[in-house]
Amino acid sequence: DGGITQSPKYLFRKEGQNVTLSCEQNLNHDAMYWYRQDPGQGLRLIYYSQIVNDFQKGDIAEGYSVSREKKESFPLTVTSAQKNPTAFYLCASLDRGQEKLFFGSGTQLSVL
Amino acid sequence: AQSVTQLDSHVSVSEGTPVLLRCNYSSSYSPSLFWYVQHPNKGLQLLLKYTSAATLVKGINGFEAEFKKSETSFHLTKPSAHMSDAAEYFCVVSRPNTGFQKLVFGTGTRLLVSP
């Protein structure tokens, strides 16, 4: 069953702590994306990666970091520098031929 | 620069009645336009897209949208609402051939369907 898997579904962060959100896809897509969703707002792009070992900052990259060591995996780390991390985080990958984004089910991050 | 405005934050309909979710866009270029649906605590799913072919676009689950350049609109419609249509809907604009890192999402419209 192909798709994008995000884990965990819920995550809690203590002040000063870094946390990592997992995103795995078995769709063989080159491009992957991380978005942040806040209530009443549209999705905002944090980071994206067009290909393995390459990634670019999106519109709100401060306080976040990513890696892309494997095609299937695009983990997002929320660092202690991100002062307002509470949000719903969505990972996506792109089918270039169909011009279609495939989304995971998201991770809800909250601050303790 | 591009932007998209979803004119209603909430829309309430009764099951079996028509659905209209409104979206206006602003773009310096001929845009690509999309509608995505998000069910609670889920990721987004593509409903339909417009990429400069036919102005009336048909999507999944009986939804369709019409691109009207003169009105800069891309409203989403469905003739008859079903309970399972209750969700949040996002209108999205993109500049063609710039890659999906240039997507601009609207703030969403929550569709409520009553029996």
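Each chain gets a letter, A, B and so on, in the order the sequences are listed, and its residues count up from 1. Being a predicted model, the structure only gives us computed values, none of them experimental.
At a heavy-atom cut-off of under 4.5 Å, chain B is reached by A:Phe103, A:Gly104, A:Ser105 from residues 102-112 of chain A, listed in order of number.
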Identify every side-chain donor-acceptor pair in residues 35-45 of chain A under 3.5 Å, counting partners at least two apart or on other chains, and give the distances.
residue : atom : partner : partner atom : Å
A:Arg36 : NE   : A:Asp38 : OD1          : 3.4
A:Arg36 : NE   : A:Asp38 : OD2          : 2.9
A:Arg36 : NH1  : A:Tyr64 : OH           : 2.8
A:Arg36 : NH1  : A:Asn84 : O            : 2.8
A:Arg36 : NH2  : A:Asp38 : OD1          : 3.1
A:Arg36 : NH2  : A:Asn84 : O            : 2.8
A:Arg36 : NH2  : A:Thr86 : O            : 3.4
A:Gln37 : OE1  : B:Gln38 : NE2          : 3.1
A:Gln37 : NE2  : B:Gln38 : OE1          : 2.9
A:Asp38 : OD2  : A:Arg44 : NH2          : 2.8

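Put simply, A:Phe74 and A:Leu76 are part of the same group of oily side chains (I, L, V, M, F, W, Y) that touch within less than 4.5 Å, one to the next. Clustering ILVMFWY residues whenever any of their side-chain heavy atoms sit less than 4.5 angstrom apart, transitively, puts B:Leu76 in the very cluster that holds B:Phe74. No single ILVMFWY cluster, assembled from side-chain heavy atoms under 4.5 Å apart, contains both A:Tyr48 and A:Ile60. B:Val37 and B:Leu111 fall within the same hydrophobic cluster, defined by Ile, Leu, Val, Met, Phe, Trp and Tyr side-chain heavy atoms under 4.5 Å apart, directly or through other members. Using a 4.5 Å cut-off between side-chain heavy atoms of Ile, Leu, Val, Met, Phe, Trp and Tyr, with links allowed through other members, A:Met32 and B:Tyr36 fall into different hydrophobic clusters.
Within 6.0 Å of NZ on A:Lys14 lie no more than 12 heavy atoms contributed by other residues, nucleotides or ligands.
At distances below 3.5 Å, at least one donor-acceptor pair connects side-chain atoms of B:Lys49 with backbone N or O atoms of A:Gln98.
Proximity of B:Leu103 to A:Tyr33: side-chain heavy atoms (C-beta onward) are nowhere separated by under 4.5 Å.
In this structure, chain B has a heavy atom under 4.5 Å from the side chain of A:Leu90, while its backbone stays farther away.
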